[in-house]
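Lettering follows sequence order; numbering is per chain, from 1.
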Protein chains: 2
Amino acid sequence: MSDPQFKSWQAIQAEVLRRIHARDWPPGHTIPNEVDLAREFGCARATVNRALQSLADSGLLERRRKAGTRVALHPVGKATLDIPVLRQEIETRSMTYGYRLVERALACAPAALGTDKTALHLIALHYADDVPYVVEDRWINLTSVPAAAEQPFDRISANEWLVITAPYTNGDISFTAEVAGAEQARLLNTDTGAAVFVIDRTTWDHDQTITTVRLTYAPGYRIHTAIGTGMTAK
Amino acid sequence: MSDPQFKSWQAIQAEVLRRIHARDWPPGHTIPNEVDLAREFGCARATVNRALQSLADSGLLERRRKAGTRVALHPVGKATLDIPVLRQEIETRSMTYGYRLVERALACAPAALGTDKTALHLIALHYADDVPYVVEDRWINLTSVPAAAEQPFDRISANEWLVITAPYTNGDISFTAEVAGAEQARLLNTDTGAAVFVIDRTTWDHDQTITTVRLTYAPGYRIHTAIGTGMTAK
DNA sequence: CAGATTATTATGTCTATACATAATATCAAG
DNA sequence: CTTGATATTATGTATAGACATAATAATCTG
């Protein structure tokens with residue numbers, strides 16, 4: 001029963017996927033253990049492990065020690081969004097990038113920044129082909145990033161400067177839809193009352209807050225990504 | 001120089017991360033090769049490989065054969081969103097789930113469905129604690145999922161039925177902000193002109209379209225997730 | 001029979017070795 | 001000086017064997 005044609009872990013992953021889709025292994029089914037699969041495919045157990053592990057990462061399989069590997073009942077779709085620097089995001093769409101600092105001030109930090117000291121507040125506009133693309137409303141914690149105080153942010157954006165200067169260990173991001181306020185509408189050159197896409201993001205370096213930012217995109221903005229079952233195109 | 005305290009690939013990953021954050025290895029720096037690192041850490045090369053590979057997956061390292069491994073210049077943040085079944089999503093927030101079918105009809109399929117045959121069109125409402133939560137506007141390709149024609153969808157939603165019945169190989173998802181139209185506003189029991197969060201999703205089984213759906217969430221909806229550098233807590 | 005103890009089992013991971021592959025560097029020939 | 005063959009190098013992956021770990025099953029004990 002040994003099939004010597006499955007040599008790579010990708011091939012094994014593809015075969016496992018095929019059986020799931022063909023309903024040979026329906027949702028909830030416990031599939032053979034790694035040793036048996038390795039024997040069937042004529043490869044080492046580590047190779048089977050690699051294949052199954054990556055399928056488990058993508059949520060299609062559920063694995064538990066001793067219990068074995070089951071096909072997930074509710075395959076939780078997972079979409080991975082890339083969150084590039086704004087300039088890259090715009091240039092990737094082959095538009096020319098523009099930047100303008102609107103406001104730069106020291107002020108009492110908002111609660112989200114997790115500090116009661118004064119922080120650096122920035123408002124800036126990013127353009128795509130000279131059309132307002134997104135408003136960046138950012139607070140920077142000067143305790144964790146003191147160098148930001150010296151930075152004018154008139155030529156390069158905080159968005160870009162921070163990824164190089166102040167790496168984060170973890171963060172928090174959320175997406176909402178909001179009605180554009182008067183100020184946002186003016187900056188984005190759109191109507192008050194337009195629906196705008198908003199991204200709120202806060203990043204930490206261990207326990208210290210680095211920055212919290214609200215990105216308000218011009219109407220029509222769309223985040224787009226592919227969802228898959230761990231299988232990339234061939 | 002051999003340090004026998006780094007035994008697991010997680011420990012090695014943590015140490016590599018530490019060096020990146022400590023600027024021992026600044027952005028753009030080419031780090032030592034796997035053989036040298038393995039010697040330094042006192043472990044096998046495969047263990048170093050596991051650690052570095054997973055960091056490369058999360059976008060913090062860039063690896064190329066022969067060229068070596070470099071710390072990414074612009075660490076592209078990657079956020080993984082879970083896309084659960086709506087009932088789970090609501091029950092996870094410890095609210096009671098409710099469902100109501102609004103419309104069920106056979107009609108000429110829209111372009112997005114990629115078929116010119118008649119398709120099944122469904123409009124349904126999902127409630128959280130008896131408050132409208134999201135409008136599901138869905139088209140199902142009856143060529144690829146003929147069983148859907150027999151299904152009333154008056155008790156269980158297509159959202160739930162499809163994940164069990166018709167698995168997909170790949171899909172496409174996008175997020176936007178829109179102004180609620182009259183019909184949507186009425187269903188969601190909100191004002192026309194409110195900003196609503198919209199998810200458009202299309203799924204395929206190989207080359208066949210299965211379904212395309214537009215989820216229009218009630219105002220205030222927020223998608224929320226953590227971003228990290230591949231390091232889980234602890 | 002309930003509760004604690006001890007197998008058993010499947011996954012998780014490490015090691016050492018080997019070969020494959022991609023990208024670069026080197027060098028010879030035209 | 002350019003072109004093309006060849007060597008070198010770092011990552012990618014496979015293998016067999018071993019031990020670790022978690023969760024379940026079986027068994028012993030009061």
Side-chain angles (χ1 to χ4, degrees), chain A residues 2-17 19-20 25 28-73 230-234, chain B residues 2-17 19-20 25 28-73 230-234:
Chain A
S2 163
D3 232 339
Q5 66 210 55
F6 298 112
K7 294 282 285 187
S8 74
W9 69 266
Q10 288 96 333
I12 288 167
Q13 178 173 341
E15 172 60 12
V16 169
L17 264 178
R19 292 186 187 183
I20 293 174
W25 295 340
H29 181 78
T30 299
I31 76 174
N33 70 41
E34 295 186 347
V35 176
D36 291 346
L37 284 177
R39 194 168 26 230
E40 186 195 344
F41 291 140
C43 68
R45 184 171 80 90
T47 310
V48 174
N49 184 286
R50 181 100 165 75
L52 297 187
Q53 194 130 50
S54 107
L55 284 175
D57 283 345
S58 69
L60 213 70
L61 294 177
E62 289 170 4
R63 322 192 72 196
R64 264 170 41 234
R65 276 165 155 147
K66 161 79 183 176
T69 303
R70 295 191 321 154
V71 179
L73 260 332
M231 287 270 73
T232 336
K234 163 138 19 148
Chain B
S2 162
D3 231 339
Q5 65 211 55
F6 299 111
K7 295 279 284 183
S8 73
W9 69 267
Q10 287 98 334
I12 288 168
Q13 179 173 341
E15 171 61 13
V16 170
L17 263 178
R19 293 186 186 182
I20 293 174
W25 295 339
H29 181 79
T30 299
I31 77 175
N33 69 42
E34 295 186 345
V35 176
D36 291 346
L37 284 177
R39 198 172 20 237
E40 187 195 343
F41 291 140
C43 68
R45 184 171 80 89
T47 310
V48 174
N49 184 284
R50 181 98 165 78
L52 297 187
Q53 194 132 51
S54 106
L55 284 175
D57 282 346
S58 68
L60 213 70
L61 294 178
E62 288 170 4
R63 322 194 72 198
R64 264 168 43 230
R65 277 166 155 146
K66 161 80 183 175
T69 303
R70 295 190 321 154
V71 179
L73 262 331
M231 286 270 70
T232 338
K234 176 161 16 169

Proximal nucleotide (of C:dT13, D:dA22, D:dT11) relative to the A:Lys66 side chain: D:dA22

Gap between atom OG1 of B:Thr30 and atom CG of B:Leu61 - 0.5 Å precision: 11.0 Å

Annotated protein contacts, base or backbone, on nucleotides 14-20 of chain D with a non-hydrogen cut-off under 4.0 Å, one of B, S, - each: SBS-B--

Distance, rounded to the nearest Å, where A:Leu61 contributes CG and C:dA10 contributes C1': 14 Å

Between P of D:dT24 and CG of A:Asn33, the distance in whole Å: 16 Å

Whole angstrom value for the distance that separates C1' of D:dT9 from CZ of B:Arg63: 14 Å

Side-chain heavy-atom pair A:Ile31, A:Leu37 within 4.5 angstrom cut-off: yes

Value in whole Å for how far the C1' atom of C:dT15 lies from CZ of B:Arg39: 16 Å

Under 4.0 angstrom between B:Thr69 side-chain N/O and D:dA10 OP1 or OP2: no

Set of residues satisfying side chain to side chain donor-acceptor pair (under 3.5 Å) with respect to A:Thr47, sequence neighbours excluded: none

Length of the line joining A:Leu52:CG and C:dA10:P, which is rounded to integer Å: 14 Å

Rounded interatomic separation in angstrom, taking CD from B:Glu34 and P from C:dA16: 15 Å

Among C:dG12, C:dA23, D:dG12, the nucleotide that comes nearest once only the side chain of B:Arg64 is considered: C:dA23

Pull out every protein N or O sitting under 3.5 Å from an N or O of nucleotides 4-7 of chain C, one pair per line with the distance.
none

Gap between atoms CD and P, on B:Gln53 and C:dT13 respectively (whole Å): 14 Å

Residues forming a side chain to side chain donor-acceptor pair (under 3.5 Å) with B:Glu62, sequence neighbours excluded: B:Arg70

Distance in angstrom units between B:Phe41 CZ and C:dC14 C1', rounded: 16 Å

Closest contact, heavy atoms only, A:Cys43 versus A:Ile12: SG-CD1, 3.4 Å

Residue pairs passing the salt bridge (charged side-chain N to carboxylate O under 4.0 Å, His left out) test where at least one lies in residues 41-57 of chain B, sequence neighbours excluded: B:Glu34-B:Arg45

Contacts of A:Asp36 that satisfy side chain to side chain contact (heavy atoms under 4.5 Å, CB included) - sequence neighbours left out: A:Pro32, A:Asn33, A:Arg39

Residue that, paired with A:Thr69, satisfies side-chain hydrogen bond (donor to acceptor under 3.5 Å, both in side chains) out of A:His29, A:Arg63, A:Gln53: A:Arg63

Test item: A:Glu40 and A:Val48 side chains (from C-beta on) under 4.5 Å apart, heavy atoms: no

